[in-house]
Each structure stands twice: as structure tokens, then as C-alpha cells.
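Written out below as C-alpha cells is the structure these notes cover.
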Amino acid sequence: MKKTLAKALSVLLAAMLLCALVAGAVADEQVTITMAMTAPWETFIPFNTTNGNTDAVLELMFDKLIVVKANGEHQPRLADSWEQDGLVLTFKLNENATWHDGEPVTADDVVFTCELMAAPEITHPRRSKVAFFTGTDASGMRVEGEEFGVKALDEHTVQFTMKNPAPLSYMLTQTFRDLYILPKHLLADIPVTEIMSNEFWQKPIGSGPCVFESSISGERVEFTANKNYYLGAPQFDRFVVRIVAASNLLSGLMSGEIDIVAGAGLGNIPANDWDMAKMQDNLTCESVKSLGYQYLTMNVNNIPKEVRQAVNMAINRDVLVNNLMRGEGEAAAGPLRQNHPYFNPDLLPIPYDVEKAAQMVKDSGFDTSKTYTLRVSKGNEVREKSAPLIQQDLAKIGIDVEIVTTDHPTLLSECRAGNYDFGLIGSGGSPDPAESCVNVRPGHVNNFSQNADTSLYEKGMVEGFAVNSYEERLPIYYEYQMMLRDQVPFSWLYFQNDLVAYSSRISNVSFEDFSLLNRAVWQWEIAK
């Protein structure tokens, strides 16, 4: 009896050991991808941000109707197809799309999202996304008594009616690029006044390729793969977004703690580490020409036009590109790169004349006895290092500035409030030439310069929207760029090539699309 019991116990232990080994082997086979960016996200509420670091996290959880590629193409995401007929845009949704809890995604979800963004009870920076549609005022807030221009035609068809004509390319590239769709069945019963503080945002449920699992504020966000994703199951099992200092990116990639950088200025290999990165057998390295640009915003209420023109003339962009980026970039004459189809060649050469600029400041009567603020945020190494160089450039024309370094959300809020003189900010750019127009539109949340002159908006977003073809739009945006050069709400600095690296086990990654909030992680191929 004892021998029988001992034998049975031995068989049971062996079986348990085998199960443990099998479970361990399965766990070992799980594929985890870790993406690093150098500054943290600020929220999980998709419409309460214009921060690129935040969008890099949001686009994993939530879907947009379409995605934009750097070559100007628009591809399906939640919408299978779309068409424009005059003022009406119609989208057909993917009928297989589901929320992470298994419920179907419908046109009602799209309508609910837009209604929420237009609700007057809440304030948020992406309200302007819905300002194009009927039933809203100029800011995007619902107008009582007017029919809202977003409605569901059936379960999988949604229609948008615009107030005024706008090119389809602009609407897709700018309005729908970062309009994330939210689940009506989980949020509709929450009072709008309580929506921003609701516990839903602590563990959000979306319809994207990654399912939220956990987060540590300012450190990491962890996801599991949405294996039922309607565009195709990701080839990883887990996806982790980590915040890593720029100086530690290469060592993390070399050790395998990091698999890929976020790119798009959110996580680039420092120029000083680039040669070493290219020597690593376990890494794929790319220098990607980006549409994204960096610019010096100037508070027009504090810095008069003549001085802004002088500042624009005093900045040595070649030093920024050649010294800080080791030539991996391009001096910016405006918001469009020189190979952009709408770039105005008359902007070249970029003016640089320190002596003339100093005289302009002197002749303007500008108060050079004061110390002005130059705001810069942490995280983007080139931007941070450019601040003291610009400080030196301004000193040469008699303008003394103090560099104030903060986190990026603080910089944005201070610039929006006008609590600054000069500030360093970046933008992802766009294939559409009107991308920068909202940033000079009076009253817009990203009108950091506090510009009140409507002429730029009238040129870029009224006259430029009245026509559709490239041939008709080209002279309008040529003139718009020259107007920007004259008024100088911003001084464009440089287009920085994205110096990116990732594990050689990853392929089919289109880094050129990253700045357009299109990482398409479900398309990445992962070698096990």
C-alpha cells in the first residue's frame, strides 16, 4: 500500500514538474516589445492634450478613422472608406471593429465622441477638431438650437457636415489624424461635468491594437496585445512604453532592455551616440528625414514685429544643424521642408545678418535693459542644447534672455497663457501646407504667439480652403509663407532628421510616418 502511494505521489510530482516546465516555456515564448521615449505622457484623455508624447501612448489604445503617411497618402484604420461630396464627408466603418471588452464599435461611438468634444460643460485643447462642423461656434462648442453636423446614417456609416468648404486632404491630415474614438456604452451615462475626473481614465478601454494593463506615472505604461484587432493581431504579446533619458537610449538598446525608440523627436538617438549605434550588430539604424520642425515662438505682445524680424535674422541655424545634429537635419526657412511640394523657393537663402539685426533692434527702441524669458522643456536633447546657443545669438543683438526649463506640459500651458517672451516648441509637420495655420489663428489653443492679426488665417484657412487642386492652392501657400516671413510670429529653426534605432528582430517599421501619429504597431514583424 505504501509503495503504491509513493509511486502515485511520484507520478503526481513529475506531472506537476512537467506542467511547471511547460508553463515556464510558454511564458518564455511571450514576446515583449519595449519602446522608449524621453519625456512622459500627460493624460489618457484623448481630447485633453496636444502633446506628441501623449499621442504616442493614445494611438496604441484608441483608434482614429484614418491614418496619414509621410508621402501624403491616407489609409484606413477604423474607417474602411470615405468620400467627400461638397460640404459632406462620409465614412464607412470597419464592421469587424470591437472594443477591448468585446462590444462592437459603431457610428454612434463616433457621434458620441464628437458631441462630447463639443460639449460646452468641459474645456479641452482639442475642441477645435469639431469646429469645422455645423452646429458649433468658431471654437467648436455646440450652439444651442442648431443641428450638430455629425450623425450616424446607419450602424457603420457616419456623416460629417462642414460649415465651409475645406480640402479633403486637410480634413484627413489635420482633423481626423488625432480624433480618437471613445466607447459610448461605457461613457454615455457619466455626467459631462464629471467626465474628466471619471475613473474610466485610470484603466481606459479602447479599440486599438494594445489593451491597457497598468501604468506608473512618469515611468511606464504596460499593455497586452489585442489579439482580436480587426486590422490584424500584433506579433507581440506585450508592449511597454518606458520613459528613458536620451543619454541612456543607446545603452538600453545594446543591452536589450529597449527594443525600439519612439522617434519623431520623442525618442531619438543623440547625435554623439549615432556612430556607435551604427556599429551594433543587434540594431537597425535609420536617419529619417522628417516633416517635423522646431521653432522659436515669440510673444507678439512683448516682442514687436521689427524685433521679431531681427531675431529671425540673428539665429545661426547652420550651427544648430552642423554642431548639435552633426548635419543630420536642415535649416528651416518656414514650416515646410525644402522638398515639400508646397515649399516656396523664394524663402531662400534664409536671412542671416547679425550686424543688420542688431541695428534693427536699436532703431526700434526696444527695451534692451530688461531680461526676457526663453522657455524650453526637458526631454528633447537638441532642443535643450539649442537654447543656450540661441541665448548667445540674441545677446549679440542686445537682447538678454534667461533660460527657463520645465516639463513640456508646463511649457505649453505657460505659452498658451502668454507667460513668456520666447519659447522653443516643436511640431510634427504635415504633407498638407495648411498645417501651421491653426497656430496663428486668433483664439486657437496652439496660437502660442498670441497673434491677433487675422490676415494669416484668412490667407491659409479661408482663401486656401476655397480651392482644392494643387495648382490652385500653390500660389496661395507661396504667399502665405512670405506673410509668415514678414510677420514672424515664429522663427522656424530646423528640421531634425530622426536618428532612430531598433532591435534587428523587428522589421516592417515605417519611421517616416511616426511624426504623423502613425506607428502601425500591428504591422511590425517580430522574429522570435
Pair Arg126 + Asp55, salt bridge at N-O below 4.0 Å: yes

Presence of salt bridge, Asp486 and Lys305, under 4.0 angstrom: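 The answer is yes: the pair qualifies as a salt bridge.
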
Residues that Glu472 engages under side chain to side chain contact (heavy atoms under 4.5 Å, CB included), provided they are two or more places apart: Val467, Ser469

Residues which pass side chain to side chain contact (heavy atoms under 4.5 Å, CB included) with Glu525, listed by chain and number, not counting sequence neighbours: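 Partners of Glu525 by the side chain to side chain contact (heavy atoms under 4.5 Å, CB included) criterion, ordered by chain and then number, come out as Gln235, Ser507, Asn508.
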
Lys459 atom NZ, over 12 foreign heavy atoms within 6.0 Å: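 More than 12 heavy atoms, drawn from other residues, nucleotides or ligands, come within 6.0 Å of this atom.
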
All pairs passing ring pair (Phe, Tyr, Trp, His ring centres under 6.0 Å) where residues 45-73 contributes a residue, at least two apart: Phe47-His124

[X] and [Y]: side-chain donor and acceptor closer than 3.5 Å?
| X | Y | value |
| --- | --- | --- |
| Asn94 | Arg77 | no |
| Asn439 | Ser436 | no |
| Asp498 | Asn268 | yes |
| Thr136 | Lys163 | yes |
| Asp513 | Ser515 | no |
| Glu328 | Asn497 | yes |
| Asp63 | Ser207 | yes |
| Glu83 | Thr90 | no |
| Asp346 | Tyr478 | no |
| Gln487 | Ser455 | yes |
| Thr50 | Arg416 | yes |
| Ser430 | Gln174 | yes |
| His156 | Thr106 | no |

Parallel, tilted or perpendicular: which fits the ring planes of [X] and [Y], with parallel below 30° and perpendicular above 60°?
| X | Y | result |
| --- | --- | --- |
| Phe511 | Tyr502 | tilted |
| Tyr295 | Tyr293 | tilted |
| Phe160 | Phe133 | tilted |
| Phe239 | Phe236 | tilted |

Six-ring centre of Phe514, Arg519 cation under 6.0 angstrom, axis tolerance 45°: yes

Main chain of [Y], side chain of [X]: is a donor-acceptor contact present, judged purely on distance under 3.5 Å?
| X | Y | value |
| --- | --- | --- |
| Ser413 | Thr410 | yes |
| Thr173 | Ser169 | yes |
| Arg375 | Glu414 | no |
| Gln481 | Asn344 | yes |
| Asp85 | Val88 | no |
| Arg441 | Tyr457 | no |
| Gln84 | Ala166 | yes |

Which heavy atom of [X] sits nearest a heavy atom of [Y], and at what distance?
| X | Y | value |
| --- | --- | --- |
| Leu58 | Thr43 | CD2-O, 4.3 Å |
| His100 | Gly208 | NE2-O, 2.9 Å |
| Pro442 | Asn447 | CA-ND2, 3.6 Å |
| Ala70 | Pro431 | O-CG, 3.9 Å |

Partner residues of Ser491 under the side chain to side chain donor-acceptor pair (under 3.5 Å) criterion, sequence neighbours left out: Asn312, Arg317

Sequence-distant partners of Lys129, side chain to side chain donor-acceptor pair (under 3.5 Å), two or more places apart: Asp178

Test applied, ring pair (Phe, Tyr, Trp, His ring centres under 6.0 Å); reference residue, Phe44; option that passes from Trp201, Phe212, Phe223: Phe212

Residue pairs fulfilling salt bridge (charged side-chain N to carboxylate O under 4.0 Å, His left out) with at least one residue in residues 417-437, sequence neighbours excluded: Asp432-Arg473

Phe490 ring center near Phe448 ring center (under 6.0 Å): no

Test side-chain contact (heavy atoms from CB on, under 4.5 Å) applied to Gln338 and Glu330, step by step: CA-CA 9 Å; Gln338 291 179 31; Glu330 178 183 296; 3.4 Å; yes

